[in-house]
Amino acid sequence: MPRTLLIVEDEDRLRNLLHCYLEREGFRVLQAKDGVEALRLARHEQPDLIILDLMLPELDGLETCRQLRTFSDAYVLMLTAKTEEIDRVIGLEVGADDYLTKPFSPRELMARVRAMLRRPRSTGEAPSPPPPLRFGPLTIDMARHEVLLADVPLRLTNLEYALLTVLASAPGRVFTRAQLLERVWGHDYFGDDHVVDVHIANLRKKLRDDPAQPTFIITVRGVGYRFGDAR
Ligand code: CA
């Protein structure tokens, strides 16, 4: 079954160009010209990944993404014109998984799309499900793709989930940003390290981890991150 992508862009030329390109790469492609149409399509068609332009009429990309996140865990790749917006775009409040700065080449877009789709989706179909990992109040149940904090399920994006499971599968082991990028984002990702920090900050907020004294995700200065091994 081909994966479904939704392109949300008001510029007709760019939207149609991306549509043709992605369709040729074997995806089922849907398109929307504004945020309202995007939300409607996302509800009905449940795309695997949404390419969302930041500047849109009616409802802008940030607000569209915020609303999307209330009902969809599709990957969201935000298209922006300014690199400075990255923190906000993939910040907790908006919740995009990644971003691409305009102008970009179709090849660059394809690399990002493929890296995202390579991550496992939320289906518990593993042949022998691993037992849940428990760390104090935190339970990570990979068989059910579920994370609980004090028995309350957390709503994590696919990317946050992938990041958490990589770290928590090897408590105490230090991962560099480059290693996390490779494992979570994929080999051919060529964005910058900073995305790791922003997603870690989001995860900490959801885990209610104090950034000054985190228990779960610990910063190893000058190196990267490790999962706290105190149970
Ligand atoms: Ca636009």
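Order of listing sets the numbers, starting from 1, for every ligand and every atom in it. Just so it is clear, the values below take in all heavy atoms, side chains as well, and ignore hydrogens, waters and symmetry mates.
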Item to complete: Kindly work out whether a path of hydrophobic side-chain contacts (I/L/V/M/F/W/Y, heavy atoms less than 4.5 Å apart) joins Val220 to Val198.
Response: no
Discussion item. Can you confirm whether Arg43 is buried at CZ, in the sense that more than 12 heavy atoms of other residues, nucleotides or ligands lie under 6.0 Å from that atom?
Written reply: no
Worksheet item: Taking the N/O/S atoms of Glu9 one by one, which is nearest to the Ca ion (ligand 1)?
Response: OE2
Worksheet, complete the sentence: min-distance N/O/S atom, Asp10 vs the Ca ion (ligand 1), resolves to OD1
Practice prompt. Tell me, please, whether Phe175 has Arg183 positioned over its six-membered ring: NZ or CZ under 6.0 Å from the ring centre and within 45 degrees of its axis?
Written response: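 Arg183 over Phe175 ring: no.
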Discussion item. So that I can check it, does any N, O or S atom in Asp53 come closer than 3.0 Å to the Ca ion (ligand 1)?
Written reply: yes
Discussion item. For Leu180 and Leu167: C-alpha separation, side-chain torsions, deciding distance, then whether side-chain contact (heavy atoms from CB on, under 4.5 Å) applies.
Written reply: CA-CA 9 Å; Leu180 290 171; Leu167 288 164; 4.1 Å; yes
